[in-house]
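Worksheet for the structure shown next.
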Amino acid sequence: MEQDKKQMPAGFLWGAATSAYQAEGAAEEDGKKRSQMDVLSAGTGFADASVASDHYHRYKEDIVLMKECGFTAYRFSFSWSRIFPDGTGEVNAKGIEFYDDLINRLVANGIKPLPTIYHYDMPMALVEKYDGWISRQSIEDFVSYSEFLIRRYGDRIKDWLIINEQSIIVEFWKKKNYIPEKYRNDPQIKFQINHHMNIAQARVSRLIHQLVPDGRSGAAIGYAPIYGLDSAPENMLAMLNAEDLKNHYFLDIYFHGTYPVGASHYLQEKGMAPVIEKDDMEIIRSGKLDFLGVNYYASKCVRFPDAAHNVRTEAESNLSGKKGEMGAYETMPDFYQYIKNPNADTNDWDWTIDPMGMEYLLRDIYQRYHIPIMITENGLGARDVLVDGRVHDDYRIDYWKKHLRAIHRAIQMGVEVQGFLPWSFIDVLSTSNGYQKRYGLVYVNRDDGDLKDLARIKKDSFYWYQRVIETNGASLFDDI
Ligand code: BG6
């Protein structure tokens, strides 16, 4: 009896995740044209997306590894500009051939394909044509692109993640969107982009409901539970403010069809609120989502901004990978100021390591929205080292073990968690740190300056995860 209790529920999905521009490479091959991420990842001093992990050419070999590990699901994303090189119009037959074969092979191997329709990679053609998501026309073009996918794959794919990490698209708006110079000093733009995405996502959610029998719509949100520095009333208020603007601002839209009042009023006061047209909120309400993908890496900590820091400051990543060199923490004046949590450890890029945060967020989200949840990303970025053909990533095993135990605890507490798809399956191009920061179960033999042979090498975490999957989670408790 006890043994059963220490497992994940029957049917729990086990797998891992990647995204198109970070894994596929072949950025301008077989008819694909550039996306904004192909452009933004170039000239950063790190690797760019042109080859990435060469998944486009090695996906068959990669699926064999998924199968060997025991995956029952795989999260990947479609590249919009591989399917529609110009964002609209002509479909690229070669692009479709790739996704047809990827999906069919996954299904043939008993691995559920869990796609994301949009993972940061707006076609560059649409950026050039009308500034991408900044224009309302993006809604129409995104809906057409999505409809094509839903009609083509709706017989094999029931669960759809529509947009990846809107919260991060807003927070890092100049890194996750190609923003033309004239808009770069206007932070209202990031909330306008977000509003357009909300309308687009709701319309696509409706299409899934109309076109896919038993289809479910979801989104993968980048989610960090936010803690107040201490019990000082102003810091507790800062915590509420940040929860409202960083978390509820997205999830209230997805599951209630409304923007939270506190955050909305704050944005109005500061001149940053999105322009909302007459029928927008009705469209949003009519396309609520069915489930949530949670991407969780780290919790955050806030205090109320003191006088010296009460100016709008945007978040900047740690580019050096040396602890303590975080570029900048976000401040929203009179609302909150992000700070380093003095009570939690971090990785080398200053991301907090907080497994308890996993139980906290799962219980909090479930209590608020009562929707099924999948963990669609979770992982530890590290400088893995290849020694004699092995990668001993015991630090990653420790990280995942603790996070999975927290998920198990949340399930015991009544939360409906349906799967675990950590970041990442193979090593992929990090969004900020090239191949210096790796997350994979499988090492990809390349670095930023040298493509080497791009060979796949199973890390220690691969073998550990294989056993976790085989025992449906029971092995997580072997040593306690
Ligand atoms: C998530 C993204 O924000 O975090 C992924 O969905 C990303 O695309 C991952 O790679 C890790 O972030 P980073 O910057 O370390 O690559």
Side-chain angles (χ1 to χ4, degrees), residues 16-25 35-38 40-41 44-49 52-53 55 74-80 114-122 161-177 197 218-224 246-247 250 292-300 315-323 325-327 330 346-353 357 361 374-384 395-396 399-400 403 421-441 444 448:
T18 62
S19 86
Y21 94 90
Q22 295 175 275
E24 287 177 7
S35 80
Q36 62 184 8
M37 299 319 288
D38 295 319
L40 291 169
S41 68
T44 57
F46 299 101
D48 63 23
S53 299
H55 183 59
Y74 172 52
R75 175 178 179 229
F76 63 97
S77 76
F78 290 108
S79 158
W80 186 347
L114 182 67
T116 313
I117 296 180
Y118 182 79
H119 197 119
Y120 305 150
D121 50 355
M122 165 69 70
L161 294 159
I162 304 171
I163 296 181
N164 180 66
E165 294 203 347
Q166 264 178 272
S167 49
I168 299 299
I169 292 173
V170 171
E171 183 165 320
F172 290 95
W173 60 298
K174 294 176 197 162
K175 268 176 72 176
K176 312 291 186 203
N177 301 283
M197 287 184 166
I221 190 71
Y223 195 95
K246 307 299 283 190
N247 290 334
F250 303 92
L292 183 67
V294 171
N295 298 354
Y296 173 63
Y297 293 85
S299 56
K300 296 279 171 65
E316 282 173 34
S317 312
N318 176 329
L319 297 178
S320 67
K322 291 195 193 110
K323 280 191 192 192
E325 295 196 355
M326 184 72 103
E330 180 176 296
T346 68
N347 74 358
D348 288 342
W349 290 266
D350 291 319
W351 292 30
T352 304
I353 298 174
L361 75 89
M374 277 186 217
I375 301 304
T376 40
E377 288 182 31
N378 173 245
L380 181 69
R383 279 194 182 78
D384 295 332
Y395 36 88
R396 182 169 294 111
Y399 177 97
W400 275 332
H403 283 76
L421 295 110
W423 193 262
S424 51
F425 162 46
I426 48 175
D427 287 338
V428 297
L429 178 72
S430 153
T431 66
S432 303
N433 308 96
Y435 280 83
Q436 294 184 18
K437 189 207 242 172
R438 294 168 183 267
Y439 288 88
L441 293 154
V444 173
D448 282 342

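Counting starts at 1 for both ligands and their atoms, in listed order. Computed over heavy atoms, backbone and side chain alike; hydrogens, waters and symmetry mates excluded.
Between F76 and Y74, the ring-plane angle classifies as parallel under the 30° and 60° cut-offs.
Residues that satisfy the side-chain contact (heavy atoms from CB on, under 4.5 Å) test with S19, not counting sequence neighbours, are Y21, Q22, S77, H119, W423. Applying the side-chain hydrogen bond (donor to acceptor under 3.5 Å, both in side chains) criterion to N433, with sequence neighbours excluded, gives K437. Every residue two or more places apart in sequence or in another chain that forms a side-chain contact (heavy atoms from CB on, under 4.5 Å) with K323 is listed here: D345, T346, D348, D350.
Protein residues having a heavy atom under 4.0 Å from any atom of ligand 1 are Q22, H119, Y120, N164, E165, N295, Y297, W351, E377, W423, S430, T431, S432, K437, Y439, listed by chain and number.
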Might you work through the side chain to side chain donor-acceptor pair (under 3.5 Å) test for E165 and N295, ending with a clear yes or no?
CA-CA 8 Å; E165 294 203 347; N295 298 354; 2.9 Å; yes

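Look at E330 and K246 and you find a salt bridge, because one of the NZ, NE, NH1 or NH2 atoms lies within 4.0 Å of a carboxylate O, short of that distance.
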